[in-house]
Amino acid sequence: MILARDLSIRHTVASGQPLAFYSHYSNGKHGEDLRYVTQAGEISILKRSGRISFCFSGEYTEKSAKDEIVSRLGLGDDMGEIYRNIGTDQFMEDAIKSFKGLRITRNDPWEATLCFVISQFNNIKRIRGIMGRMIGEFGEDRGKYHAFPTPEAIASADLGAIRACGTGFRDRYIKSVAEEFAFSFDKKKLYGMGYGDAKAALMELDGIGDKVADCILLFGYNKLEAFPIDTWVKRIMERVYFKGRKTSIRKLHEFAAERWPGRYQGYAQQYIFWHGRENIG
DNA sequence: ACCCAGGCGGGCG
DNA sequence: CGCCCGCATGGG
C-alpha cells in the first residue's frame, strides 16, 4: 500500500504524457485502475481515495515495484510546495483548481524520446494510435501485452515498416534516434549534466529540437526545470501574459524562467498546457 | 473542402 | 538572430 495524496491518475494519464501511450487506464466504482509494462515486468495499480494498492509480475519485488510506482507517478513531489511555487496568478490558480493531482510522470529516457519525436506536428489521439501500433509491431510479446520497443528493434527495422505504423514523415527521425540510442548516444550521461548542457546534447540528434528536447528532459530525465513550449502553450501564454501578441519561443522561455524561478517550470508548463487546452481552448 | 495537431530542418535575408 | 516553407496523416 502506498499513500498518494494529491494524485489524480486520470488527469495525469489524460494530459498527453508518455505513460498514456503505453498504459491501460480505467475508472470504475472500485477506483482508478492503471496497468503498464516496463522492461522489468508488469505493474498494476488500484487507487481509491488517497491509497494505492498494487500488483506486479516479472522481475519485480514488493520493494522494487513500490519504488517504480512512486518514481513513475512523481509521488515524491511535494505538491504543496509546487502549488505555492507555480500558483502565481489567477490563471494558474484556476489551472491548479481544475486539475489538482495532475503529476509529472518520470519515464525511461528512450521511451520519452520515441514518444515525443512522434509527437511533433501531430495530435494526442494520433500519437496514441501510432505508439500502439509501434508497440504491437516492434515490442517484445509478453503475452497479454507487448513491451515497449527497444531502440535496437527499431534501429534494425526498415523505414517502410516504421512508416506502416502511420508515422508519416517522422519515419526517418524515428529510425535515426533509435540508431543513436542503440549504438552511440550516451543516454546515461545526461542524468549528471545540467539542464542546458543536456538540452544541447539532445538537440544534436536529428529530429529533436527545442520543444522535444524539453519534453525528453522533463518526462525522461527528471529535470523539472524544463519548459516545453508547443503550439498550445505558446498560444495560451500569448493570450494570458502578452495581451494576445505574437511572441517568440525565446521570449516565452525568458518569461517562464522569470515567473516560475527554481525547479518547477515543468509543472507550470503542464498545468498551462492542460488547463489551456481543456478549459480555455 | 478546409483547418489543425504537444515541431523540425533547411533556406533566406 | 527571425521568418517562412514543406512535411504525412486523420479527425473535426
Side-chain angles (χ1 to χ4, degrees), chain A residues 11-23 95 99 102-107 109 111-134 137 158-180 199-221 223-224 226-240 242 245-256 265-281:
Chain A
H11 295 329
T12 301
V13 169
S15 67
Q17 304 191 36
L19 180 67
F21 306 134
Y22 47 77
S23 69
F99 295 108
L102 168 53
R103 302 274 184 154
I104 297 294
T105 62
R106 314 303 209 276
N107 308 271
E111 295 175 8
T113 299
L114 180 58
C115 289
F116 284 109
V117 165
I118 289 170
S119 81
Q120 65 170 272
F121 196 41
N122 213 335
N123 61 62
I124 291 179
K125 188 172 289 184
R126 261 196 89 230
I127 298 165
R128 202 170 272 137
I130 293 168
M131 280 309 307
R133 288 188 287 277
M134 293 204 63
E137 185 67 26
D158 63 56
L159 218 49
I162 294 170
R163 193 153 197 162
C165 297
T167 61
F169 65 91
R170 307 164 193 82
D171 54 357
R172 66 187 185 87
Y173 296 147
I174 292 166
K175 187 163 169 85
S176 172
V177 294
E179 288 167 351
E180 290 281 355
K199 183 169 177 177
L202 284 169
M203 288 177 67
E204 291 292 312
L205 306 184
D206 196 24
I208 298 181
D210 178 87
K211 190 270 177 182
V212 170
D214 272 330
C215 282
I216 294 168
L217 293 172
L218 178 59
F219 298 108
Y221 281 102
K223 297 199 188 298
L224 296 182
F227 190 85
I229 302 175
D230 73 320
T231 55
W232 292 99
V233 172
K234 183 172 191 297
R235 188 185 315 143
I236 300 294
M237 286 182 74
E238 284 168 346
R239 187 188 302 183
V240 175
F242 291 87
R245 281 197 290 271
K246 301 281 270 180
T247 308
S248 70
I249 299 288
R250 187 180 62 80
K251 293 272 192 195
L252 295 175
H253 275 304
E254 287 170 5
F255 177 90
Q265 270 189 73
Y267 261 102
Q269 176 276 157
Q270 195 65 10
Y271 278 81
I272 293 168
F273 171 66
W274 202 237
H275 178 50
R277 225 192 85 136
E278 296 299 290
N279 296 145
I280 308 297

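Residue numbers begin at 1 in each chain, while the letters A, B, ... track the order of the sequences.
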Inset, instruction - Measure from the side-chain heavy atoms of Ser248(A) and tell me the nearest of dG10(C), dG2(C), dC7(C). - result: dG2(C)

Inset, instruction - Return the nearest nucleotide to the side chain of Trp232(A); candidates are dG9(B), dA5(B), dT9(C). - result: dA5(B)

Inset, instruction - For Asp230(A) and for Arg172(A), locate the closest nucleotide of DNA chain B by heavy-atom distance; then report the residue assigned to the nucleotide nearer the 5' terminus. - result: Asp230(A)

Legend entry - Rounded interatomic separation in angstrom, taking CD1 from Ile127(A) and P from dG11(C): 14 Å

Inset, instruction - Give Gly207(A) one of three labels, base, sugar-phosphate or nothing, depending on what nucleic acid heavy atoms sit under 4.0 Å from its own. - result: sugar-phosphate

Inset, instruction - Determine the interplanar angle of the Phe116(A) and Phe219(A) rings, folded into 0 to 90°, and report it as parallel if under 30°, tilted if 30 to 60°, perpendicular if over 60°. - result: parallel

Legend entry - Nucleotide dG10(C), atom P - distance to CD1 of Ile118(A) in whole Å: 14 Å

Inset, instruction - Tell me what Asp171(A) touches on the nucleic acid: a base, only sugar-phosphate, or nothing, going by heavy atoms under 4.0 Å. - result: nothing

Legend entry - Between P of dT9(C) and CE of Met131(A), the distance in whole Å: 18 Å

Inset, instruction - Validate the cation-pi geometry between Arg277(A) and Trp274(A): distance from NZ or CZ to the six-membered ring centre under 6.0 Å, angle to the ring axis within 45°. - result: no

Inset, instruction - Would you check if Ile249(A) and Lys211(A) make a side-chain contact, meaning some heavy-atom pair closer than 4.5 Å? - result: no

Inset, instruction - Check whether any side-chain heavy atom of Thr113(A) sits under 4.5 Å from a side-chain heavy atom of Glu180(A), and report yes or no. - result: no

Inset, instruction - Indicate, with a heavy-atom threshold strictly under 4.0 Å, whether Ser176(A) touches base, sugar-phosphate, or nothing. - result: nothing

Inset, instruction - Could you state the atom-to-atom distance from NZ of Lys246(A) to P of dC3(C) in whole Å? - result: 9 Å

Legend entry - Nearest-nucleotide 5' precedence on DNA chain C, Lys125(A) against Gln120(A): Gln120(A)

Inset, instruction - To the nearest Å, give me how far apart CD1 (Ile174(A)) and P (dG7(B)) are. - result: 14 Å

Legend entry - Contact nearer the 5' end of DNA chain B, comparing Arg235(A) with Gly209(A): Arg235(A)

Inset, instruction - Taking only the side-chain heavy atoms of Arg126(A) (C-beta and beyond), determine which of dG10(C), dG7(B), dG9(B) contains the nearest atom. - result: dG10(C)

Inset, instruction - Output yes when Asp210(A) and Lys199(A) qualify as a salt bridge under the 4.0 Å nitrogen-oxygen rule, no when they do not. - result: yes

Legend entry - dG2(C) OP1/OP2 closer than 4.0 Å to side-chain N/O of Arg250(A): yes

Legend entry - Nearest-angstrom distance from the residue atom CG of Asp210(A) to C1' of dG2(C): 14 Å

Inset, instruction - Identify whether any heavy atom of Ile208(A) sits under 4.0 Å from a base atom; if not, whether one sits that close to sugar-phosphate; answer base, sugar-phosphate or nothing. - result: sugar-phosphate

Inset, instruction - Could you tell me the separation between the CG atom of Asn123(A) and the P atom of dC3(B), rounded to a whole number of Å? - result: 17 Å

Inset, instruction - Indicate whether OP1 or OP2 belonging to dC4(B) is found under 4.0 Å from a side-chain N or O atom of Arg277(A). - result: no

Inset, instruction - Scan Leu205(A) against the nucleic acid and name what it touches under 4.0 Å (heavy atoms): base, sugar-phosphate only, or nothing. - result: sugar-phosphate

Inset, instruction - Would you please confirm or rule out a distance under 4.0 Å between OP1 or OP2 of dG7(B) and any side-chain N or O of Thr231(A)? - result: yes

Legend entry - Validation row: Ile130(A), Asn122(A) side chains within 4.5 angstrom (heavy atoms): yes

Inset, instruction - Would you kindly give the CZ-to-P distance between Arg128(A) and dA5(B), to the nearest whole Å? - result: 17 Å

Inset, instruction - Under 4.0 Å between any heavy atoms, over every strand shown, what does Arg163(A) touch: base, sugar-phosphate, or nothing? Just pick one. - result: sugar-phosphate

